Structures are given as C-alpha cells and as structure tokens.
J.: 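One structure follows; several queries about it will come next.
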2 protein chains.
Amino acid sequence: MMTPAQRYERFLTDLKASGVRLTEQRKVIVKVLAEARDHPNADELYHRAYVLDGSVSLSTVYRTLRLLEDHGAIQRHDFDAGRARFENADTDHHDHLIDVDTGQVIEFRSERIEKLQAEIAAELGFDIVRHKLELYGRKRG
Amino acid sequence: MMTPAQRYERFLTDLKASGVRLTEQRKVIVKVLAEARDHPNADELYHRAYVLDGSVSLSTVYRTLRLLEDHGAIQRHDFDAGRARFENADTDHHDHLIDVDTGQVIEFRSERIEKLQAEIAAELGFDIVRHKLELYGRKRG
DNA sequence: ACGCAATTGCAAATCATTCGCAAATCAGTT
DNA sequence: AACTGATTTGCGAATGATTTGCAATTGCGT
Ligand SMILES: [Mn+2]
Ligand SMILES: [Mn+2]
Ligand SMILES: [Zn+2]
Ligand SMILES: [Zn+2]
C-alpha cells in the first residue's frame with residue numbers, strides 16, 4: 001500500500017515523464033489527490049487545493065483531472081449522475097457499495113464476482129475491457 | 001413476455017390510475033416507449049414521437065419520462081455519462097454488456113451474480129436497494 | 001537572464017435537463 | 001354539445017457541471 005507521499009512523488013514522476021510542465025497548480029492539485037482517502041468531486045478538490053494555494057482555479061482542476069485520467073493515474077466515477085468523483089488509480093481494482101442514506105462509499109473486492117463477470121462475457125463472445133459494479137444499499141436495522 | 005400493444009395498454013392504465021390526464025402527447029410518447037426494443041435517450045424518443053405527432057415537444061418527452069420513472073413504469077440508465085437512456089420496466093431484471101466498439105447493448109441475467117451481490121452486501125451489514133452492473137467489452141477476435 | 005511555447009484564470013460557451021409562464025386542452029358538469 | 005377550471009403544453013430562458021477561447025503569465029531549456 002502506497003503512502004500519500006509516495007503517491008505524490010509517483011504523480012510528479014508520471015507527469016514529468018509525459019512531457020508536461022510541473023506548474024505550481026498541478027503540484028498542489030496532485031498533492032490533494034494523493035492525500036485523498038475518499039472519492040471527492042472536482043469542486044471538493046478545488047476547495048482543498050485552494051486552501052494550499054490561492055492561485056488554483058476550478059478550470060485548472062478540471063484540466064488536471066482530465067490530464068491525469070488520460071494517463072491512467074486517476075479514475076473517474078459517476079456514482080450519482082451530475083457530478084463525477086475521482087480517486088487515484090494506484091490501488092488494486094475494487095468495486096463500491098454506496099449507502100443510500102448517508103452517501104458513504106465503501107470499497108470491496110470479490111474474486112468470485114470478478115471471475116463470474118469474465119465468464120458471462122465469454123459466453124456472450126466478448127472480452128471485458130472494463131466494468132462498473134455499484135451496490136446501493138441501506139444499513140441493516 | 002408482453003407485446004408492444006400490451007405494454008402500451010398497461011402504460012395507459014397505469015397513467016389513468018395515477019390520476020394524470022391522458023393527453024395526446026403522452027399517448028404518443030408512451031407508444032414509442034412501448035415499442036422500443038433498444039435503450040433510447042430522450043432525444044431519440046422525441047424524434048420517434050415527433051414523426052407520429054408533430055405536436056410533441058422535447059420538454060414534454062422529458063416530463064413524461066420523469067412521470068413514468070417515478071411510477072416505476074420505465075427505468076433510467078446512465079451508460080455513458082451525459083445522456084440518460086431508458087427502457088420499459090415490465091421485463092425481468094437484467095444487467096447490460098456494452099460493446100465498446102459499436103455501442104450495442106446486450107442484456108443478460110445471472111442468478112449467481114445477483115446472489116453474490118446480496119451476500120457481499122450482507123457481509124458489510126447492508127441490504128441492497130438497487131445495483132448497477134455494466135460490462136464494457138469487445139468482441140473476441 | 002532571455003525567449004517562447006505551454007499553461008493559467010477568467011468569462012463565455014456547451015450540453016443535457018429543468019423550469020416559468022401564457023396559451024391550449026383534458027375531463028368532468030351542466 | 002357547450003361550459004369551466006385545473007392540468008398540461010410548447011416555448012424560451014435558466015440551470016449546473018464541464019469545457020473552451022483568449023490574453024496574460026510562467027516553466028524551463030538555452
Ligand atoms: Mn474506490
Ligand atoms: Mn435493458
Ligand atoms: Zn470489479
Ligand atoms: Zn443485476
């Protein structure tokens with residue numbers, strides 16, 4: 001498991017390798033992403049970055065998110081229609097259970113489900129490129 | 001399995017029972033929905049309805065879709081972020097495999113996956129309210 | 001330190017969907 | 001069949017998230 005600091009360095013190395021400039025704004029946004037333990041949306045990331053550096057704009061947050069997503073460094077989710085949510089992509093693959101009452105996002109991983117999905121796709125003559133599994137649930141009374 | 005004509009009658013009965021007016025526009029939109037075998041978006045439904053009755057507007061399509069969704073008569077999907085897609089909800093529950101090259105949507109149902117999902121949620125202390133399972137795949141070479 | 005292409009912030013543009021409102025139309029009641 | 005009033009409609013404007021144009025700024029190789 002990577003530490004936030006390790007993730008931060010990895011992001012910077014990634015960006016440098018991809019030939020783009022290491023601007024102050026990008027460093028700050030990347031730092032916020034590296035430290036996030038939840039699944040923040042663009043506006044939340046903007047606010048967290050703005051506290052660290054008032055020269056960060058929402059536009060640049062969006063541009064940086066797209067940049068990192070295209071490089072596979074972060075992942076975009078559309079849990080609730082409307083606002084996209086992000087998380088860094090260095091962790092192992094996992095799926096999500098969303099508490100419909102609180103909005104809390106719980107991560108889980110099931111080998112059996114992953115395998116079943118591949119089997120189903122194979123039966124239909126397909127190879128899976130990616131998939132989306134989201135459970136929306138309520139805490140047991 | 002219901003025929004389009006049966007679905008159409010069911011939609012109308014549903015609407016009548018819910019106390020709303022059976023306007024010409026609603027009848028046309030509902031007819032288009034009843035006959036749809038794919039997963040059309042609001043704009044596609046609008047065009048199909050407009051051909052049958054030029055007095056249908058996109059606004060009314062959106063309003064009717066919301067009405068039917070609130071009554072559980074149709075289901076909304078967010079396959080690709082951006083545009084919602086719809087299908088009538090009288091069929092059995094199923095999940096979707098989307099061909100990433102053609103956009104074709106293939107329906108499937110797996111008892112094992114449905115059951116596994118419930119087990120996973122239960123282990124985490126939750127009851128599933130609804131879920132989203134979408135496989136994005138490519139035809140085997 | 002210099003030079004210039006890449007990047008930024010800001011405001012305006014997009015795109016799907018919703019909303020306000022005056023005009024039209026259902027669906028009962030004479 | 002005409003009357004009536006609340007519901008529904010089409011239109012255009014508003015919304016909210018995200019993208020984009022552009023002039024000003026800045027990273028970075030020289
Ligand atoms: Mn996650
Ligand atoms: Mn379907
Ligand atoms: Zn998975
Ligand atoms: Zn399912």
Side-chain angles (χ1 to χ4, degrees), chain A residues 11-33 39-71 74-86 103, chain B residues 11-33 39-71 74-86 103:
Chain A
F11 275 136
L12 293 189
T13 309
D14 256 25
L15 287 178
K16 205 170 293 181
S18 77
V20 301
R21 290 186 183 170
L22 281 192
T23 65
E24 268 319 302
Q25 291 89 339
R26 282 180 179 154
K27 285 190 231 171
V28 173
I29 294 165
V30 146
K31 182 183 230 291
V32 167
L33 276 167
H39 302 74
N41 60 37
D43 201 58
E44 290 167 339
L45 290 166
Y46 165 61
H47 286 302
R48 295 179 198 178
Y50 188 86
V51 172
L52 301 180
D53 181 343
S55 82
V56 172
S57 75
L58 184 55
S59 285
T60 296
V61 169
Y62 274 113
R63 281 191 275 237
T64 303
L65 286 172
R66 176 161 294 271
L67 182 68
L68 294 171
E69 189 192 6
D70 289 346
H71 278 273
I74 62 172
Q75 211 189 332
R76 171 191 305 263
H77 296 292
D78 299 291
F79 295 148
D80 34 32
R83 313 171 91 80
R85 295 172 157 273
F86 303 84
Chain B
F11 275 139
L12 293 189
T13 309
D14 256 26
L15 287 178
K16 206 169 290 181
S18 77
V20 301
R21 288 186 183 169
L22 281 192
T23 66
E24 268 320 301
Q25 291 89 338
R26 282 180 180 155
K27 284 190 231 171
V28 173
I29 294 165
V30 145
K31 182 182 230 291
V32 168
L33 276 168
H39 301 75
N41 61 36
D43 201 58
E44 290 167 337
L45 290 166
Y46 164 63
H47 286 301
R48 295 179 197 178
Y50 188 85
V51 172
L52 301 180
D53 181 344
S55 82
V56 172
S57 74
L58 184 55
S59 286
T60 296
V61 169
Y62 274 113
R63 282 190 277 237
T64 303
L65 286 172
R66 175 162 295 271
L67 183 67
L68 293 171
E69 189 192 5
D70 290 347
H71 278 273
I74 62 171
Q75 211 189 332
R76 171 191 305 264
H77 296 292
D78 300 290
F79 294 149
D80 33 32
R83 312 171 92 81
R85 295 173 157 270
F86 303 85

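As the structure is a computational prediction, the values presented were derived from the model and not from experiment. By convention in this document, chain letters (A, B, ...) are assigned in the order of the sequence lines, proteins followed by strands, and residues within each chain are numbered from 1.
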J.: Could you state the CZ-P distance from A:R26 to D:dG27, rounded to the nearest angstrom?
T.: 11 Å
J.: What are the two closest heavy atoms between B:Y46 and B:V56, and how far apart are they?
T.: CE1-O, 3.3 Å
J.: Grab the CG-P distance between B:L65 and D:dT9 for me, whole Å please.
T.: 12 Å
J.: For A:L15 and A:L22, work out which heavy atoms get closest and say how close.
T.: CB-CD2, 3.9 Å
J.: For residues B:V28 and B:A49, report the shortest heavy-atom separation together with the two atoms involved.
T.: CG1-O, 3.6 Å
J.: Pick the closest DNA chain C nucleotide for A:Q25 and for B:D78 by heavy atoms, then say which residue is nearer the 5' end.
T.: A:Q25
J.: Expressed in angstrom and rounded to an integer, what is the separation of A:L15 atom CG from C:dA6 atom C1'?
T.: 14 Å
J.: Which letter, B, S or -, goes with each nucleotide of nucleotides 18-23 of chain D from 5' to 3', with contact meaning a protein heavy atom under 4.0 Å?
T.: SBBB--
J.: How long is the gap from CZ on B:R48 to NZ on B:K31, to the nearest 0.5 Å?
T.: 13.5 Å
J.: Taking CD from B:E24 and P from D:dT9, how many angstroms apart are they, rounded to a whole number?
T.: 11 Å
J.: Do A:E44 and A:H39 have side-chain heavy atoms sitting under 4.5 Å apart?
T.: no
J.: In whole angstrom, give the distance that lies between atom NZ of A:K16 and atom P of D:dG27.
T.: 14 Å
J.: Check each of A:T64, A:L33, A:L58 against A:L45 using the side chain to side chain contact (heavy atoms under 4.5 Å, CB included) test, and report the only one that passes.
T.: A:L33
J.: Mind listing the closest non-hydrogen atom pair of A:L65 and A:A42 along with its distance?
T.: CD1-CB, 4.0 Å
J.: Can you tell me how far C1' of C:dT7 sits from CD1 of A:I29, to the nearest Å?
T.: 11 Å
J.: Answer yes or no: is there a donor N or O on one side and an acceptor on the other, between the side chain of A:R26 and the main chain of A:R21, under 3.5 Å?
T.: yes
J.: I'd like a list of close polar pairs between nucleotides 28-30 of chain D and the protein, N/O only, cut-off under 3.5 Å.
T.:
from	atom 1	to	atom 2	distance (Å)
D:dC28	OP1	A:L22	N	2.9

